[in-house]
Amino acid sequence: MAKAGGCLFRVGYFLYTRTRVGHYYHQRDIAKAKEKLKDVGGQHSSITPFEFGDLVIVPIPMLMDNYAYLVLDRRSNSAVVVDPGHAEPVQVYLSSRNIMPEAVLITHKHWDHSGGNREMRQHYPEVRVYGSSSDNVPDITHSVRDGDTLEFGNLRFRAAATPGHTVGHVVYILDGAPFGIGDSLFSGDMLFLSGCGRMFEGSASTMLQSLDYLSSLPDNTYVWPGHEYAKENLEFACHLDEENTASKDKLEWVNSQRGKRLCTCPSTVQEEKLYNPFLRTHEESMVRALGYVKEGIFATPDQRTRAKLLREMRERKDTFSYKL
């Protein structure tokens with residue numbers, strides 16, 4: 001039965017990601033989210049612009065828990081949008097401020113991140129839509145590969161391949177130097193606040209390599225994830241590592257934010273290394289929490305063991321019961 005269930009999942013996943021069947025279900029998800037969130041203006045969070053001098057980053061809520069991002073350089077009047085899974089809320093925000101985007105950057109092919117590409121191109125005929133050359137991203141105009149640099153005014157992005165969630169997942173790293181701040185990581189579904197994405201198209205070892213790369217970024221790098229998953233992720237982190245005060249403190253802050261419908265991003269790479277269990281598979285507390293070392297002297301696990309730990313951690317996360 002398990003084997004049959006796995007086969008059905010693979011067929012369904014193929015149809016969702018490789019055909020317009022997925023687009024149909026994505027439109028249904030949009031309608032469901034609008035209906036469920038109609039009493040709060042149709043959005044899961046209030047829109048809060050973050051200003052860093054001339055740089056403005058705006059998480060734009062959509063669907064039940066997604067974020068697209070507007071990245072604006074007021075000095076050069078350049079604007080870029082990241083992951084408009086639903087074009088309408090992005091277009092409404094841009095139109096209300098008379099902003100014309102130069103480009104759209106897509107982290108991966110899943111419809112909740114790329115489903116607005118066609119509408120963005122129709123609404124803004126000159127816009128360039130970038131996505132991975134190996135991820136079958138719909139309606140792109142330009143392919144990106146690992147290490148590509150994209151420049152729009154003072155906005156300088158570097159694309160980095162981070163396979164694991166999908167085979168061609170990429171993240172975009174905005175150079176913060178022109179604005180006198182740390183870099184900004186737009187992490188899609190690879191890295192969340194205290195979490196990581198599911199391994200739909202990659203092995204645990206592949207996912208581990210991508211997470212290790214993100215963990216190696218400068219500590220002051222801001223992390224802008226693709227979903228508002230912070231509360232659930234931190235509840236799991238506190239359950240897994242009960243002695244971690246950083247997780248508890250962050251969860252308390254997140255609960256306060258979500259009680260006011262405020263977004264919880266950005267975090268930083270430095271913060272994530274304190275409380276994100278998926279970045280800590282090399283640490284003794286995580287190894288012991290997962291039962292790989294119960295007694296005796298701890299030895300730092302090798303990469304193969306860390307991959308096993310990551311897979312088990314992800315499986316436990318998928319079945320964890322959250323507080324209401």
Side-chain angles (χ1 to χ4, degrees), residues 47-60 67-84 90 93-94 97 99-108 113 126-133 140-163 169-194 196 209-226 250 263-276 279:
I47 294 181
T48 305
F50 293 83
E51 300 188 8
F52 308 91
D54 289 321
L55 175 66
V56 182
I57 298 178
V58 186
I60 302 177
Y67 286 118
Y69 290 95
L70 167 66
V71 185
L72 174 67
D73 170 27
R74 291 188 288 208
R75 198 183 320 160
S76 63
N77 201 33
S78 299
V80 171
V81 173
V82 181
D83 280 358
V90 174
Y93 189 87
L94 295 179
R97 289 153 180 80
I99 297 172
M100 187 71 65
E102 290 184 43
V104 171
L105 309 182
I106 303 298
T107 59
H108 64 293
H113 293 258
E126 301 300 318
V127 77
R128 289 164 280 174
V129 182
Y130 295 83
S132 169
S133 58
I140 62 173
T141 62
H142 294 69
S143 294
V144 293
R145 294 178 296 181
D146 183 49
D148 282 354
T149 299
L150 310 174
E151 297 192 19
F152 314 96
N154 294 311
L155 302 175
R156 298 200 298 263
F157 294 88
R158 176 168 54 86
T162 51
H169 192 289
V170 297
V171 299
Y172 298 93
I173 303 168
L174 174 67
D175 184 0
F179 307 98
I181 62 170
D183 296 345
S184 280
L185 166 67
F186 296 92
S187 56
D189 279 3
M190 175 54 57
L191 181 68
F192 304 123
L193 196 155
S194 195
C196 75
Q209 290 175 7
S210 294
L211 291 173
D212 280 350
Y213 167 72
L214 297 184
S215 186
S216 74
L217 295 175
D219 282 349
N220 65 345
T221 302
Y222 293 105
V223 179
W224 306 89
K250 190 68 174 183
C263 70
T264 58
C265 54
S267 63
T268 65
V269 167
Q270 182 178 36
E271 283 187 81
E272 292 302 315
K273 289 190 290 189
L274 292 175
Y275 52 61
N276 190 327
L279 299 185

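Here the structure is a predicted model, which means the values were calculated and not measured.
Applying the side-chain contact (heavy atoms from CB on, under 4.5 Å) test to P84 and every residue at least two apart in sequence or in another chain returns V81, V90, V104, I106, N117, M120. Listed by chain and residue number, nothing satisfies the salt bridge (charged side-chain N to carboxylate O under 4.0 Å, His left out) test with D146 (two or more places apart in sequence, or in another chain). For H108, the ring pair (Phe, Tyr, Trp, His ring centres under 6.0 Å) partners two or more places apart in sequence, or in a different chain, are H110, H113, H165, H169. Contacts of R97 classified as salt bridge (charged side-chain N to carboxylate O under 4.0 Å, His left out), with partners at least two apart in sequence or in another chain: none. Residues meeting the ring pair (Phe, Tyr, Trp, His ring centres under 6.0 Å) test with Y93, sequence neighbours left out: none. Residues satisfying the side-chain contact (heavy atoms from CB on, under 4.5 Å) test with S132, not counting sequence neighbours, are S134, D135, V170. Taking Y172 as the reference, nothing meets the ring pair (Phe, Tyr, Trp, His ring centres under 6.0 Å) condition, with sequence neighbours excluded. For T221, the side-chain contact (heavy atoms from CB on, under 4.5 Å) partners two or more places apart in sequence, or in a different chain, are D183, L185, L217, P218, V269. In terms of the salt bridge (charged side-chain N to carboxylate O under 4.0 Å, His left out) criterion, E151 has no residue partners (sequence neighbours excluded). Scored by the ring pair (Phe, Tyr, Trp, His ring centres under 6.0 Å) test, Y213 finds no partners at all (sequence neighbours excluded). Listed by chain and residue number, nothing satisfies the side chain to side chain donor-acceptor pair (under 3.5 Å) test with N220 (two or more places apart in sequence, or in another chain).
Classified by interplanar angle (parallel below 30°, tilted 30° to 60°, perpendicular above 60°), the ring pair F157/F186 is tilted. Using a 30° and 60° split on the angle between ring planes, W224 and Y69 fall in the perpendicular class, above 60°.
To the nearest 0.5 Å, atoms OG1 (T48) and CD1 (I57) are separated by 13.5 Å. Distance check, rounded to the nearest 0.5 Å: OG1 of T149 to CD1 of I173 gives 10.0 Å. If you take CD on E126 and OG1 on T141, they are separated by 11.0 Å, rounding to the nearest 0.5 Å.
When side chains are defined from C-beta on, F179 does not count as touching S184, because their heavy atoms never get closer than 4.5 Å. Between F52 and Y222, some side-chain heavy-atom pair lies under the 4.5 Å cut-off. The side-chain heavy atoms of D219 and K273, taken from C-beta on, include a pair separated by under 4.5 Å. No side-chain heavy atom of L72 sits under 4.5 Å from any side-chain heavy atom of V58. Within the 4.5 Å cutoff, the side chain of N276 has heavy atoms near those of the L191 side chain. Side-chain contact between D83 and Y67 is absent, with no heavy atoms from C-beta onward closer than 4.5 Å. Under the 4.5 Å side-chain criterion, counting only non-hydrogen atoms from C-beta, S194 is not in contact with K250.
The main-chain N or O of P163 is found under 3.5 Å from a side-chain atom of S210 such that the two form a donor-acceptor pair. In this structure, the side chain of S187 does not engage the main chain of M190 through any donor-acceptor pair within 3.5 Å.
What you find for L211 and C196 is that their closest heavy atoms are CD2-CB, 4.0 Å. In terms of heavy-atom proximity, L193 sits nearest to S267 at CD1-CB, 4.0 Å. Between S143 and D148, the shortest heavy-atom contact is O-OD2, 4.1 Å. Nearest heavy atom pair, residue S133 against residue R145, reads OG-CG, 3.5 Å.
For residues 72-81, the set of pairs meeting the side-chain hydrogen bond (donor to acceptor under 3.5 Å, both in side chains) definition, not counting sequence neighbours, comprises E51-R74, D54-R75, D73-S76, D73-N154, S76-S78, S78-E102.
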Check your understanding: Can you list the steps and then say if L150 with L155 is a side chain to side chain contact (heavy atoms under 4.5 Å, CB included)?
Key -> CA-CA 8 Å; L150 310 174; L155 302 175; over 6 Å; no
